[in-house]
Amino acid sequence: MQKISKIAVLTSGGDAPGMNPCIRAVVRTAIYHGLQVAGIRQGYQGLIDNNMYDMNTRSVSNILNLGGTILKTARCLPFRTDEGMELAYQNLKANGIDGIVVIGGDGTFTGALRFSRKYPDIAVIGVPGTIDNDLYGSTYTLGFDTATNTVIEAIDKIRDTADAHDRLFFIEVMGRDSGAIALRAGISCGAEAILLPERDTAIEMLIENLKAGQYNKKSSSIVIVAEGDKSGGAYDLAEAVRKQIKFYDIKVTILGHLQRGGSPSAFDRILGSRLGFAAVNAMIDGKTQMMVGLEANHIKLTSLEEALTQHQFKLEDDLMQMADILSI
Ligand code: ATP
């Protein structure tokens with residue numbers, strides 16, 4: 001088993017609230033075990049540019065409550081090339097680094113696994129950090145809870161104005177491949193309809209539901225649309241529905257990047273701390289090419305390969321059915 005004396009940590013892909021608590025846990029757990037820690041700025045780009053610095057316990061003071069990531073994040077094309085990976089490897093070796101904790105989504109893990117297969121002397125442990133909650137091997141990913149709460153807060157406000165004016169709002173939320181935020185937010189806000197990438201939307205059915213709502217004396221309606229819904233996004237849907245529904249004034253709101261920001265929820269602070277702590281312990285135990293996740297409230301290790309090949313996270317059928325029934 002390779003002895004680890006210095007590790008690095010980076011955040012990559014889309015930022016997610018909870019990354020900072022995770023960085024803090026990685027740094028402090030490593031230092032507790034007598035390891036040195038380097039922080040790599042801007043994800044894989046920082047590895048290629050040798051943009052890293054030594055971290056100590058004070059480097060991560062007062063960051064638990066911060067959204068975003070103090071290490072910055074980036075999408076890095078050169079890391080997809082052999083030349084980029086070789087540069088990253090040379091920089092890691094030159095800095096005496098034996099292992100990296102990568103916090104990110106499936107793209108980040110794909111890069112980490114490729115890198116680790118080419119250079120197996122660098123240990124790699126992944127932490128699922130993405131608001132999309134779409135990774136196999138962890139019931140929740142870092143940032144999902146905070147993002148969902150941010151969406152709920154925004155929709156509650158929109159409901160107030162929708163109700164005052166008897167309006168129908170189409171609200172688009174993040175989730176290109178995953179309807180996780182849309183579904184949870186829809187249940188929490190009593191949306192009249194929730195449109196998800198995981199199921200086909202029959203516009204006729206949506207219109208019938210909205211008409212039934214009006215017949216049942218609903219004064220406003222909220223339709224939540226995940227951005228990856230196959231019917232073409234909130235604007236196109238609103239246009240199609242406007243042709244057939246005259247009793248509501250129809251408006252569209254795209255929530256956009258505000259969903260990524262904000263102070264992490266208690267859940268994400270604790271999840272980030274647990275996953276960061278577990279990632280360092282796994283590395284010290286000689287593990288590599290693994291992802292740390294949380295299942296049934298226990299830390300679970302899943303191979304990166306399995307996390308990626310099984311990555312089609314399934315939305316719960318019972319939640320979808322319940323959402324439809326409770327919104328009548
Ligand atoms: P999110 O779920 O928030 O989008 P992500 O980790 O999936 O996060 P990506 O932009 O897909 O975000 O991936 C992050 C980075 O991982 C990419 O910018 C790239 O540097 C690296 N990466 C992705 N795919 C590969 C690959 N096939 N080979 C090498 N590196 C990759």
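Index from 1, following the sequence. Because the structure is predicted, anything quoted here is derived from the model rather than measured. Numbering of ligands and ligand atoms starts at 1, following listing order.
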If I apply the N/O under 3.5 Å rule, does Ala74 come out as touching ligand 1? no
Smallest separation among heavy atoms of Ile7 and Met283, with atom names: CG2-SD, 3.6 Å
Regarding Ser178 and Asn133, do their side chains bring together a donor and an acceptor under 3.5 Å, going by distance alone? no
Best match, Arg114, Arg75, Gln45: closest heavy atom to atom 28 (N) of ligand 1: Arg114
Quick one: look at Met85 and ligand 1, take heavy-atom pairs under 4.0 Å, and tell me if it's side chain, backbone, both or neither. side chain
Spell out, as yes or no, whether a donor-acceptor pair under 3.5 Å connects the side chain of Asp98 to the backbone of Ser5. yes
Contacting atoms of ligand 1, where contact means under 4.0 angstrom from a heavy atom of Gly105: 2 (O), 5 (P), 6 (O), 7 (O), 8 (O)
Ring centroid separation Phe267 to Phe144 under 6.0 Å: no
Please list the nearest protein heavy atom to atom 15 (C) of ligand 1 with its residue and the distance rounded to 0.1 Å. Ser12 OG, 3.6 Å
Only heavy atoms of Thr110, strictly under 4.0 Å: list the atoms of ligand 1 that pass. 26 (C), 27 (N)
Of all pairs that satisfy side chain to side chain donor-acceptor pair (under 3.5 Å), the ones with a partner from residues 78-87, not counting sequence neighbours: Asp82-Lys118, Glu86-Gln90, Glu86-Tyr119
Region of Tyr44 engaging ligand 1 - heavy atom pairs below 4.0 Å: side chain
Ligand 1 to Arg260 polar contact by distance, N or O atoms, under 3.5 Å: no
On a heavy-atom basis, the closest approach of Thr11 and Ile23 is CG2-CD1, 4.0 Å
Is it true that, when you exclude Tyr248 itself, more than 12 heavy atoms of the residues, nucleotides or ligands shown sit nearer than 6.0 Å to its OH? yes
Mark up the atoms of ligand 1 that fall under 4.0 Å of a heavy atom belonging to Gly14, in ascending order. 1 (P), 3 (O), 8 (O)
Nearest non-hydrogen contact with atom 2 (O) of ligand 1 belongs to which option: Thr130, Thr108, Val102? Thr130
Tell me which protein heavy atom sits closest to atom 30 (N) of ligand 1, plus the residue, atom name and distance to 0.1 Å. Gly111 CA, 3.3 Å
What do we get for Arg80 next to ligand 1 when only non-hydrogen atoms under 4.0 Å count, side chain, backbone, both or neither? both
Just to confirm my output: which protein heavy-atom neighbour is closest to atom 22 (N) of ligand 1, and how far is it? Gly107 O, 3.3 Å
Hey, are Arg117 and Glu305 close enough for a salt bridge, meaning a charged N less than 4.0 Å from a carboxylate O? yes
Please report whether ligand 1 has a polar contact with Asp106, defined as an N or O pair separated by less than 3.5 Å (distance criterion only). yes
Which atom of Asn20 lies closest to which atom of Ile70, heavy atoms considered: OD1-N, 2.8 Å
Would one find an N or O of Cys76, backbone or side chain, under 3.5 Å from an N or O of ligand 1? yes
Just list the side-chain donor-acceptor pairs under 3.5 Å for residues 231-240, sequence neighbours left out, or say none.
{"residue": "Ser231", "atom": "OG", "partner": "Asp229", "partner atom": "OD2", "Å": "2.1"}
{"residue": "Glu239", "atom": "OE1", "partner": "Arg242", "partner atom": "NH1", "Å": "3.0"}

Below 3.5 angstrom, do we get any N/O pair linking Leu77 and ligand 1? no
